[in-house]
Amino acid sequence: QVKVVESGGGLVQAGGSLRLSCVASGDGFSFNDMGWYRKVPGTRREMVAVITWGGQTNYADSVKGRFTISRDNANNKIDLQMNDLKPEDTAEYSCHAEGTAPYGVGVIGGDYWGQGTQVTVSP
């Protein structure tokens with residue numbers, strides 16, 4: 001069974017910083033792409049930042065230059081350092097992990113999500 005556990009988040013004033021962390025785990029699983037997504041009630045979930053096992057990154061235009069995603073492959077962990085936060089960054093942030101594991105002569109796996117953590121930025 002795969003678990004994706006997030007930590008961090010909270011309330012901060014505009015211009016401040018927060019750091020989100022996420023650890024994925026599962027017996028026999030390896031995790032390929034991992035990343036952070038966010039959702040505001042009434043809108044669609046959007047990609048914030050993703051990172052491959054090899055370290056390639058991709059960011060939403062709205063966070064480029066302010067957010068940095070990093071990865072620790074040995075611990076299946078990713079972090080999202082968020083600087084110069086703005087009120088429009090307020091959302092529920094969720095960690096995503098794409099995991100696979102050998103199963104018999106094949107492979108099992110899929111997309112796994114954390115429970116979400118709230119980030120609120122006050123003006």
Val2, Trp36: one ILVMFWY side-chain cluster at the under-4.5 Å cut-off? yes
Does any part of the side chain of Phe67, heavy atoms only, come nearer than 4.5 Å to the side chain of Asn83, both counted from C-beta? no
4.5 Å side-chain heavy-atom contact, Val119 and Leu18: yes
All heavy atoms of Arg71 vs all of Trp53, minimum pair found to be NH1-N, 3.4 Å
Heavy-atom distance under 4.5 Å between the side chains of Val50 and Asp33, does that happen here? no
More than 12 heavy atoms from other groups under 6.0 Å of CD on Gln1: no
From Thr120 atom OG1 to Gln13 atom CD, the distance as rounded to the nearest 0.5 Å: 13.0 Å
Taking all atoms of both residues into account, what is the closest heavy-atom pair of Ala49 and Leu80, and its distance? CB-CD1, 4.0 Å
For the hydrophobic clusters of this structure (ILVMFWY residues joined by side-chain heavy atoms under 4.5 Å, transitively), does one cluster hold both Leu85 and Val63? yes
Consider only side-chain N and O atoms of Gln81 and Asp79, and report whether a donor and an acceptor are under 3.5 Å apart. no
Would you list the pairs meeting side chain to side chain donor-acceptor pair (under 3.5 Å) in which at least one residue belongs to residues 39-50, sequence neighbours left out? Arg38-Glu46
For Cys22 and Val4, the nearest pair of non-hydrogen atoms, with its separation, is SG-CG1, 3.5 Å
Test Glu88 against Val40 for side chain to side chain contact (heavy atoms under 4.5 Å, CB included), laying out the working first. CA-CA 10 Å; Glu88 50 264 41; Val40 175; over 6 Å; no
Heavy-atom closest pair (Pro87 atom, Ala14 atom, distance to 0.1 Å) is CD-CB, 4.1 Å
Between Ser30 and Thr100, is any pair of side-chain heavy atoms under 4.5 Å apart? yes
Closer than 4.0 angstrom, basic N to acidic O: yes or no for Asp61 and Lys64? yes
To the nearest 0.5 Å, how far apart are OG in Ser70 and CD1 in Ile51? 6.5 Å
Once rounded to the nearest 0.5 Å, what's the spacing between atom NZ of Lys3 and atom CG of Asn76? 14.5 Å
Is the backbone of Gly8 close enough, under 3.5 Å, to the side chain of Thr117 for a donor and an acceptor to pair up by distance? yes
Between Pro102 and Gly28 the two heavy atoms that sit nearest each other are CD-O, 3.7 Å
Does a side-chain heavy-atom distance below 4.5 Å link Lys77 with Ser21? yes
Consider side-chain contact (heavy atoms from CB on, under 4.5 Å). Of Leu20, Val48, Val121, which one does Met82 pass it with? Leu20
Side chain to side chain donor-acceptor pair (under 3.5 Å) pairs, two or more places apart, involving residues 102-113: His96-Asp111
Nearest heavy-atom neighbours spanning Tyr59 and Ile69: OH-N, 2.9 Å
Beyond-backbone contact of Val23 with Phe31, side-chain heavy atoms, under 4.5 angstrom: no
Is there a side-chain contact between Gln118 and Tyr93, using heavy atoms and a 4.5 Å cut-off? no
I want to check something: taking the side chain as every heavy atom from C-beta on, are Lys86 and Arg66 in contact at a cut-off of under 4.5 Å? yes
